[in-house]
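Numbering of ligands and ligand atoms starts at 1, following listing order. Since the structure is predicted, the reported quantities are computational estimates derived from the model, not experimental observations. Along the sequence shown, residues carry numbers from 1.
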Amino acid sequence: MGNAFLTPDRFDDEYFYHMKVAVCESCCTLQVIDIPDPDQMFHENYAYFAGTSQYMSEHFRVMSEKLMAEYVSKDSLFVVEIGCNDGISLQNFARAGIPHLGVEPSANVAQAARDKGINVESGFFNVETAQSITERYGHADLFIATNTMHHIEDINSVAAGVEILLKPDGVMVQEDPYLGDMLELVSYDQLYAEHMYIWSITSLGSAFGRHGLEIFDIERNNFHGGCMRYYLCRKGGRKPTERFLVQQAKEDELGLKRQETYVAFRKRCESARDRLVERLETYCQQGKRVVGYGATAKSATIINYCGLTTDHIAYISDTTPTKQGKFSPGAHIPIVPPDVFTENYPDYAVLFAWNHFDEINAKEKRFVESGGKWMFPIGMIEEK
Ligand code: SAH
Ligand code: TMP
């Protein structure tokens with residue numbers, strides 16, 4: 001399971017599940033099926049602290065400023081964010097003195113947010129939570145979910161909750177990895193237990209459309225390997241923007257509504273896997289040293305789907321102290337601190353954190369100068 005880095009004493013009782021992916025023929029929702037219990041994924045040892053990345057903090061500062069500017073005239077503004085994590089976005093609202101509430105089931109990150117003076121409730125957002133928040137705080141002007149909506153299996157309960165919670169003219173802002181980008185880049189590593197849905201305008205519009213909400217605007221960005229931000233309101237509440245209409249039409253061109261598209265995607269994943277394994281085995285036979293860079297949650301999908309072992313990848317370098325000294329889920333590749341990498345550069349580094357390429361490549365100039373090469377483990381990106 002992605003993010004389930006473990007110590008050797010846990011090898012024998014390691015949790016495994018068969019990660020199957022399906023697409024709904026009618027609403028075109030793409031999702032991982034038969035996923036683990038949410039308590040198994042979101043708990044007091046949750047590995048992802050969003051605010052540790054300065055790039056992400058800046059991204060969400062800009063988003064928060066933009067949203068605040070739009071709502072500046074409202075005197076009774078109330079903002080709810082689910083999956084607020086360590087407060088990466090809500091800290092901006094808290095600093096501006098705006099009434100807000102975060103809903104966050106992972107206790108460790110929720111506490112990190114509280115330490116920043118943010119109002120957070122522990123728990124999973126669903127229709128019952130929405131009812132309870134509305135009774136205690138009133139309706140929300142703004143409902144935010146970034147990189148969270150694709151983590152929640154019971155999406156109907158979330159959508160019904162948003163329907164209850166939002167003011168009549170309230171807006172929901174949701175952002176996470178975009179299906180169009182995943183299909184184009186063959187970035188199948190976007191899929192893992194926590195990332196059970198990869199949304200599109202078509203599928204998200206359908207899921208929330210059943211609860212009286214519709215998308216009226218979108219924005220794209222390149223974070224996390226390609227994300228879409230969706231703005232939703234109550235049906236008929238706002239005029240759809242041109243860029244939303246253009247992208248909606250583009251989803252037809254991309255074939256998101258045709259089953260053949262997904263069959264072709266599976267074939268492209270298989271050939272990406274075969275190419276990666278073949279190349280790693282060749283390097284292995286040539287006696288080249290190959291390591292991994294970035295023990296991302298995504299890496300568990302690649303490593304286990306491709307059947308990689310410590311014969312292919314000696315170790316994975318990662319800056320996160322809580323991952324160092326542990327082993328990757330399934331394949332048990334050791335996670336080491338970055339000085340192991342910098343003290344003795346390998347010939348190749350498989351860039352599992354490929355979505356952070358610019359930041360990492362700038363930082364690791366000496367690796368490239370010493371003849372080292374990056375290998376991109378997903379479909380459409382080659383060695384650099
Ligand atoms: N919003 C941050 C963090 C995303 S990580 C960002 O964009 O970077 C996803 C977060 O969603 C985790 O902190 C996880 O604990 C939380 N989460 C998972 N299920 C949830 C649910 N049902 N309700 C609210 N938060 C949830
Ligand atoms: P993410 O893609 O989920 O944000 O995970 C990125 C992982 O990569 C995280 O464990 C930290 C690691 N990482 C490094 O080791 N070095 C780096 O320079 C960067 C940007 C990330």
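- You'll find the ring centres of Tyr293 and Phe367 outside the 6.0 Å limit.
- Within the structure, ligand 2 lacks Glu364 among the residues with a heavy atom less than 4.0 angstrom away.
- At a heavy-atom cutoff of 4.0 Å, ligand 1 is contacted by the side chain of Phe42 but not by its backbone.
- With respect to atom 7 (O) of ligand 1, the closest heavy atom belonging to the protein is Thr146 OG1, 2.7 Å.
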Passes side chain to side chain contact (heavy atoms under 4.5 Å, CB included), Lys116 versus Asp86? Steps please.
-> CA-CA 8 Å; Lys116 295 177 188 158; Asp86 58 3; 3.9 Å; yes

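- Considering only non-hydrogen protein atoms, atom 6 (C) of ligand 2 sits nearest to Thr296 CG2, 3.6 Å.
- Atoms of ligand 1 found under 4.0 Å from any heavy atom of Tyr46, numbered from 1 in the order shown, are 5 (S), 9 (C), 12 (C), 13 (O).
- Shown in contact with Lys323 at under 4.0 Å from a heavy atom are these atoms of ligand 2, numbered in order with element: 9 (C), 10 (O).
- Among protein heavy atoms, atom 18 (O) of ligand 2 sits closest to Lys363 NZ, 2.4 Å.
- Contact analysis puts Tyr293 in contact with ligand 2, with a non-hydrogen atom separation below 4.0 angstrom.
- Side-chain N/O atoms of Asn119 and Tyr137 include a donor and acceptor closer than 3.5 Å.
- Atom 13 (N) of ligand 2 has Thr319 OG1, 3.7 Å as its closest protein atom, hydrogens excluded (heavy atom only).
- If you look at Ile152 next to ligand 1, the close heavy atoms, those under 4.0 Å, all belong to the side chain.
- Leu6 and Val336 are not part of a single hydrophobic cluster, where members link through side-chain heavy atoms under 4.5 Å apart.
- Taking every non-hydrogen atom of Thr320 and a distance limit under 4.0 Å, the qualifying atoms of ligand 2 come out as 9 (C), 10 (O), 11 (C).
- In this structure, Lys373 does not pair ionically with Asp347, as no charged nitrogen and carboxylate oxygen lie closer than 4.0 Å.
- Interface atoms of ligand 2 facing Gly294, defined by a heavy-atom separation under 4.0 Å, are 8 (O).
- Ligand 1 has His151 within reach: a non-hydrogen atom of the residue lies less than 4.0 Å from it.
- Heavy-atom contacts of Lys298 reach the following atoms of ligand 2: 2 (O) (cutoff under 4.0 Å).
- Ligand-side atoms of ligand 2 in range of Asn355: 2 (O), range being under 4.0 angstrom from any heavy atom.
- Regarding atom 3 (O) of ligand 2, its nearest protein heavy-atom neighbour is Tyr48 CE1, 4.0 Å.
- Looking at Val109 next to ligand 1, no N or O pair under 3.5 Å apart turns up.
- By the 4.0 Å N-to-carboxylate-O rule, Glu184 lies too far from Lys250 to be salt-bridged with it.
- Salt-bridge annotation for Asp181 and Arg220: present, with a side-chain N of the basic residue lying under 4.0 Å from a carboxylate O of the acidic one.
- Within the listing of ligand 1, atoms 24 (C), 25 (N) sit less than 4.0 angstrom from a heavy atom of Val103.
- The protein heavy atom nearest to atom 1 (P) of ligand 2 is His356 NE2, 3.7 Å.
- The protein heavy-atom contact nearest to atom 4 (C) of ligand 1 is Asn147 O, 3.3 Å.
- Scanning the protein heavy atoms around atom 8 (O) of ligand 1, the nearest turns out to be Ala50 CB, 3.3 Å.
- Side-chain contact between Thr129 and Phe124: absent, with no pair of heavy atoms (C-beta onward) separated by less than 4.5 Å.
- At least one donor-acceptor pair closer than 3.5 Å links the side chain of Gln324 to the backbone N or O of Asp318.
- In terms of protein heavy-atom proximity, atom 9 (C) of ligand 2 is closest to Asp318 OD2, 3.5 Å.
- Taking atom 20 (C) of ligand 1 as the reference point, the nearest protein heavy-atom neighbour is Pro105 CG, 3.7 Å.
- Ring geometry for His151 against Phe42 counts as tilted: the plane angle lies between 30° and 60°, on a 0 to 90° scale.
- Annotation: side chain of Ile378 is in contact with side chain of Asp189 (closest heavy-atom distance under 4.5 Å).
- Comparing Gly83, Ala107, Ser106 against atom 24 (C) of ligand 1, the shortest heavy-atom distance belongs to Gly83.
- Here the heavy atom of the protein found nearest to atom 23 (N) of ligand 1 is Phe125 N, 2.9 Å.
- A centroid separation of 6.0 Å or more is found between the aromatic rings of Tyr231 and Phe244.
- Atom 15 (O) of ligand 1 has as its closest protein heavy atom Glu104 OE2, 2.5 Å.
- Not less than 6.0 angstrom separates the ring centroid of His100 from the ring centroid of Phe93.
- Under a 4.0 Å N-O distance rule, the pair Arg366/Glu369 does not qualify as a salt bridge.
- Of all heavy-atom pairs between Cys284 and Asp311, the closest is SG-O, 3.4 Å.
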